[in-house]
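Below is one structure, written out as structure tokens, with a few remarks after it.
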Amino acid sequence: MTNMVDSKLPDARGYFGRFGGVFVPEVLVEALAQLERATNEAFADPAFWAEMETLLRDYVGRPSPIYHAERLVEGPHAPIVFKREDTNHTGAHKINNTVGQALLARRMGKRRLIAETGAGQHGVATATIGAKLGMQVDVYMGEVDVERQALNVYLMKLLGATVHPVGSGTRTLKDATNEAFREWAARVEDTFYVIGSVVGAHPYPYLVREFQKVIGLEARAQMLERYGRLPTDVVACVGGGSNAMGIFHAFVDDPDVRLWGVEAAGHGLQAVDTAASLNAGSVGVLHGSRSYVLQDDEGQVLDTHSVSAGLDYPGVGPEHAYLKDSGRAQYVAIDDADALAAFHHTARREGIVPALESAHAIAFAQRLATERGPGGLVLVNLSGRGDKDVRTVAALDGEDAR
Amino acid sequence: MTNMVDSKLPDARGYFGRFGGVFVPEVLVEALAQLERATNEAFADPAFWAEMETLLRDYVGRPSPIYHAERLVEGPHAPIVFKREDTNHTGAHKINNTVGQALLARRMGKRRLIAETGAGQHGVATATIGAKLGMQVDVYMGEVDVERQALNVYLMKLLGATVHPVGSGTRTLKDATNEAFREWAARVEDTFYVIGSVVGAHPYPYLVREFQKVIGLEARAQMLERYGRLPTDVVACVGGGSNAMGIFHAFVDDPDVRLWGVEAAGHGLQAVDTAASLNAGSVGVLHGSRSYVLQDDEGQVLDTHSVSAGLDYPGVGPEHAYLKDSGRAQYVAIDDADALAAFHHTARREGIVPALESAHAIAFAQRLATERGPGGLVLVNLSGRGDKDVRTVAALDGEDAR
Amino acid sequence: MIASGGFDAVFARPRAERRAALIAYVVAGDPDRATTLAVIDALTAAGVDLIELGIPYGDPLADGPTIAAAAQRALDGGTRMADAIAIAAEARERGAAPILYFTYLNPIDRYGVERFAREAAASGAVGAIVPDVPLEELPAFGPPLRAAGLAIPLLIAPTTPPERAARIAAASSGFVYLVSRLGVTGARREPDVAWAASSIARLRSATTLPLAVGFGISTPAHAAAVGAVADAVIVGSALIDAYAGSRGAQAAQLAGAYARSLRGALRPHG
Amino acid sequence: MIASGGFDAVFARPRAERRAALIAYVVAGDPDRATTLAVIDALTAAGVDLIELGIPYGDPLADGPTIAAAAQRALDGGTRMADAIAIAAEARERGAAPILYFTYLNPIDRYGVERFAREAAASGAVGAIVPDVPLEELPAFGPPLRAAGLAIPLLIAPTTPPERAARIAAASSGFVYLVSRLGVTGARREPDVAWAASSIARLRSATTLPLAVGFGISTPAHAAAVGAVADAVIVGSALIDAYAGSRGAQAAQLAGAYARSLRGALRPHG
Ligand SMILES: Cc1ncc(COP(=O)(O)O)c(C=O)c1O
Ligand SMILES: Cc1ncc(COP(=O)(O)O)c(C=O)c1O
């Protein structure tokens, strides 16, 4: 039985306990307030959810299955069950959120979507729904990432989106996010900013969670139906934290279900090169809300590192900060080497090539399953497929995979 | 109302009308007979189908949705509905078949799977289920294809399979298939040959169809549920013909449903460089059965060309030859340029990047939908997703997408 | 503590001269401490009424490329919070125009809001603008600064609804900062003078504070047009552009010349 | 029509000499017509009893890399069906050993089975092996060839169940071809002599036809071992390897020498 928290948060000011809020230039305050009103209206409108459900079913391909990964661990262990977000259209949970936000945007009369992207997954997911709904899409992406993720850049072009390389700061995701905020500030009237995780100013952490919570709702029902009981543990990787909140939310009020967020330790928690905001960061304000941030003693945000682009972010959603401080969820970290080992192991033993992000969750789940023993039941959010990562891994392995 | 055919075929000797049969060296005849017996036993065993259904649901992610592609065609037109095989694990219909054959192999006590592959899709699908079931997998692939599909080659390695480059003949799919047959002949006792389409000697065309017919069974029920009626037309691309047979089979006995197979015309039906066996070929024997073959006047099999690797094959399943000759299905061809245009169009208008194979079907369906007008209802088998083709298309477009 | 004279002193001279005040933004430590000090001296000499001193931050959400790059140059040069405060203190000691800090919440938060308030006040500054602390977060953030005698000018944007603008004006101190157009700081896009004029007219009834207008002001013509309706004209990116790439005396000369051109455009109100 | 003497003539001499016959496989046109003719002459001179003449096919499912490559060389050299038949006819006219065609169904089918039967018989050949036409397909394929007087030796593999082997033997003509091990043609893997011996023993009761053994025979020792139990020994890939890369007289010399080494190993039955 774990510490209880309030699953009805955020409060009216966008707070989860002391985390969250709205820390943005005044020019965006009204846009966020508008978005909050539109969100509340939409969420209260059955027609909105009906359209959402149709798209999730026919376009995204939901429900995603749960799958017993039988060959992952040897010796006595708890069954490990994957929630298969990798089977979604575009290959990850990201699309659940972009579909929802694009519908909100259309409802608000905005014809243009903007998004930040790191590795390109959220950019592709935004470009995807933009193409489907006939909306203009502009994606902001750090120059460094444009260079190393040429495939996703081309994919976004194929989908009709325009990719804008961002040359400021570290020229990666953090700066792309800054730039998207700036672009939004410049064109708030006709532009909807589609944020890719449970980060940013209120109402983003809330609405992204609401769009992603379908993962946990489905998984909870599927576990009860298949196993006649809830999992003992739920494990998910945490970058910004959207897939994790997506699967955690449905279990937050189940006191006996332990929630585990797995961050990217990169080269290690003690190293400079890490991306584990909750494990190695401190409380700060980044991209519009208060949460844990990887920063120096002057409040300057640090460069991060993870082999997995989707976890390579110095912040984390405020609801995770709240769950951490309350003890309701525990946050651990897995380094590059262990994540890569889990990537290979899952491919070889299950015939599933996981996203490097998800491989962090799997690596931790393997240990946990052994620790729990046969009485346990470990649910892992397989947030995405690893096709996008094959070249990265091949390069690390010194293999050719053009 | 169209010509009727016998959907209960093949007959006991493996014939669909005058097509099919068993034309293999004697060393394989008994292996095929064994396979036929095992297939019949398995198909009569509810436990076999129960395991198959579990895997299709949890591992493959079935049922795949149907999806109304609203923005594909302008002007008055019949709705176009995609059957979304692209949402399957590994990204195409191929996995339905490899899961089935791997279960058959295990039932027969064979611990080793071999497969031929062209672009690598079937190789990856075989490596995938082999990894999951803990079976050894050897994949035969032409040297030319190994060179140009390095990514899939690496993916197979990741999944624990061994890829054997084939240096004979044209060093492409046809020769890889020859080599797989030879390897099977050398190790029939412990080896199961997983054929990737409704081709080869009996019982392959039959059993592959039985494993793929889930596509049509699902789609038929989904259409009735969603639209209250059957489609007027069913469209699928035809390489070897497995995705097409998979969706056609459930509709063969519906006289008002027109069936359209779309072949790859490559540079055009009149050109030397084509892959349209039914449209430009003649009756012959290739890889163990009688069907249409692209061959010269001496019976030498021709080099083929299609921008889509999965359609780049000089033969076609015998059941298609039968459906063609009977008039029950019609076979048309779409050339590289039109397929590429449909590829781009579908990405931009629907946010779905189709496999180049499937883009052939879409290109034809666009025309058909306009011709049919609003009274029609066109079901297209979206056999796979196009992630695997993005580099090919980028190269054709002169874009960089490393 | 260096006497700041507070905000009354800032607006006394322009008020007496019946013209709009000129507020000039520079980043502390861009590209080095000596240059910043020289530039501040030159701006003072050019008749600038208030120096907005940017404390460099690596993720400046409200700033465009010019100021973001200037902040990065300052950070790359090793400028830390204490350095920025020391620059302000030294400038004041050398008789510079009043100084107002401009930075973001995170560096202040991390430094400690109380500590920042104390040291900022001690440096002789008149206040601080923190653009990512909107009205709603002010109660949690503002008191320590106010207690130290620092003003916190708040921003009103074109997107701010009138009722909210009035509340912001009421909560503001020092002056009210009207953002002259959508977007972030930067000289590349023009200010919306007509919108500024009508907002000013509306806000006069809501506050007695001076109304300053900034964002996109880069030419004497902009300054003249905005200065005709506002109590203060704020220039930032265009000034930084004017001396970017140079250092020391040369930078000071360029900054001074540029400031003079704007200052000259601020004619007494009709 | 060139008199073939039929299959009886093929086995008359080895029978008289109480030894196993030697059957040698070459691909027509590998690497050219003249070489093939010279090689056939040399094989005849070396005492080969029957020439298996491969009509090149690009997708030879029953053949390993050696024969597949030889066929490809012949095709690349432009060898067509008519060329292969003409080579057979010319060889026979020059007094070569009897000739048996070996090819696949598709080239024959496309050429026309009746036309092939007619022209093959006219070339003086004794029959044709078509390895991808199994027992079940023989009724549809065989009659035109048989009507033209051509024998169709069928193959029995290690995987063939005994009951089926007996049926194959019964349906075969000319001889019965026992495949000595799993897999396709090729010299790289050894024949299974023990299996061949036991199969031969079992088949004796099912047929009066000669029993030939092939696949993997490459050394005089293999020939001796197999020749001790079988009525004929078939060599293919190893022979092709022996002269691959050479042409004309040199090829003939190499092929002849190699054939003689095998022929010498075929001792009279005890
Ligand atoms: C597959 C996958 N998993 C996880 C993440 C991390 O994001 P979040 O923590 O918001 O789920 C990403 C981000 O790109 C991703 O692509
Ligand atoms: C996506 C896709 N569609 C179609 C095909 C063609 O095969 P078939 O005609 O057997 O469906 C392939 C073959 O690789 C494929 O990958």
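Because the structure is predicted, anything quoted here is derived from the model rather than measured. Here is the naming used below: chain letters follow the sequence lines, and residue numbers restart at 1 for every chain.
Note on A:A31, A:A201, A:A33, A:S282: by heavy-atom pairs under 4.5 Å with chain C, the leading option is A:S282. When the candidates C:V133, C:I156, C:T160 are compared by the number of heavy-atom contacts under 4.5 Å with chain A, C:T160 comes out ahead. In terms of heavy-atom pairs under 4.5 angstrom with chain A, the leader among C:P60, C:A71, C:A82 is C:P60. For chain A, the option among C:E137, C:M81, C:E136 with the highest count of heavy-atom pairs below 4.5 Å is C:E137. Heavy-atom pairs under 4.5 Å with chain A were tallied for C:P161, C:G186, C:P65; the largest tally goes to C:P161.
Judged by distance alone, the side chain of A:S277 and the main-chain N or O of A:L294 form no donor-acceptor pair under 3.5 Å. In this structure a side-chain-to-backbone donor-acceptor pair under 3.5 Å is missing from C:T79 to C:L75. Although no hydrogens or angles enter the test, the distance criterion places a donor-acceptor pair under 3.5 Å between the side chain of A:S289 and the main chain of A:G200. At least one donor-acceptor pair closer than 3.5 Å links the side chain of A:Y322 to the backbone N or O of A:D6. The main-chain N or O of A:G266 is never found under 3.5 Å from a side-chain atom of A:S306 such that the two would form a donor-acceptor pair.
Using a 4.5 Å heavy-atom cutoff, the side chains of A:L32 and A:P203 are in contact. In this structure the side chain of C:R110 never reaches within 4.5 angstrom of the side chain of A:E298, judged on heavy atoms. In this structure, A:L286 and A:P314 have side chains that are in contact, with non-hydrogen atoms separated by less than 4.5 Å.
A salt bridge is absent between C:R118 and C:E114; no separation between the charged side-chain nitrogens and carboxylate oxygens falls under 4.0 Å. One finds no salt bridge joining A:E41 and A:R37 here, because no Lys/Arg side-chain nitrogen approaches an Asp/Glu carboxylate oxygen to under 4.0 Å. We find that C:R164 and A:E30 are not joined by a salt bridge, their nearest charged nitrogen and carboxylate oxygen being 4.0 Å or further apart. Between A:R112 and A:E183 there is a salt bridge, since a side-chain N of the basic residue sits under 4.0 Å from a carboxylate O of the acidic one. A salt bridge does not link C:D32 to C:R73: none of the charged side-chain nitrogens sits closer than 4.0 Å to a carboxylate oxygen.
Residues A:Y204 and A:H287 have side chains that never bring a donor and an acceptor to within less than 3.5 angstrom of each other.
For a residue to count as touching a neighbouring chain, one of its non-hydrogen atoms must lie under 4.5 Å from one of that chain's; by this rule C:L154 does not touch chain A. Heavy atoms closer than 4.5 Å to chain A are found nowhere in C:I108, neither backbone nor side chain. When heavy atoms are compared at a cutoff of 4.5 Å, C:L105 approaches chain A solely by way of its side chain, counted from C-beta outward. Heavy-atom distances place the backbone of C:P56, and not its side chain, under 4.5 Å from chain A. For A:D296, the part lying near chain C is the backbone, with the side chain staying farther off; criterion is any non-hydrogen pair under 4.5 Å. Looking at C:D109, only its side chain comes within 4.5 Å of chain A, counting heavy atoms on both sides. If you measure heavy-atom distances from C:A62 to chain A, the contacts under 4.5 Å come from both the backbone and the side chain. Only the backbone of C:P131 comes within less than 4.5 Å of a heavy atom in chain A; its side chain stays farther off.
Of the listed residues (C:D63, C:I67, C:N106), just one forms a side chain to side chain contact (heavy atoms under 4.5 Å, CB included) with C:Y57, and that residue is C:N106.
To the nearest 0.5 Å, atoms CD1 (C:I87) and OG1 (C:T36) are separated by 4.5 Å. Between the OG1 atom of C:T207 and the CZ atom of C:R167 there is a distance of 14.5 Å, given to the nearest 0.5 Å.
The contact list for residues 19-28 of chain A toward chain C, using heavy atoms and a distance under 4.5 Å, reads A:G21, A:V22, A:F23, A:V24, A:P25, A:E26, A:V27 by residue number. Of all residues in residues 165-181 of chain A, those placing a non-hydrogen atom less than 4.5 angstrom from a non-hydrogen atom of chain C are A:G169, A:K174, A:D175, A:N178, A:F181. Within residues 187-199 of chain A, the residues approaching chain C closer than 4.5 Å by heavy atoms are, in numerical order, A:V188, A:E189.
Every pair tested for side-chain hydrogen bond (donor to acceptor under 3.5 Å, both in side chains) that includes a residue from residues 170-181 of chain C fails, sequence neighbours excluded, so the list is empty.
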Run the side-chain hydrogen bond (donor to acceptor under 3.5 Å, both in side chains) test on C:S123 and C:Y101 for me, step by step, so that the C-alpha distance in whole Å, both residues' side-chain angles and the decisive distance to 0.1 Å come before the verdict.
CA-CA 11 Å; C:S123 74; C:Y101 290 110; 2.7 Å; yes
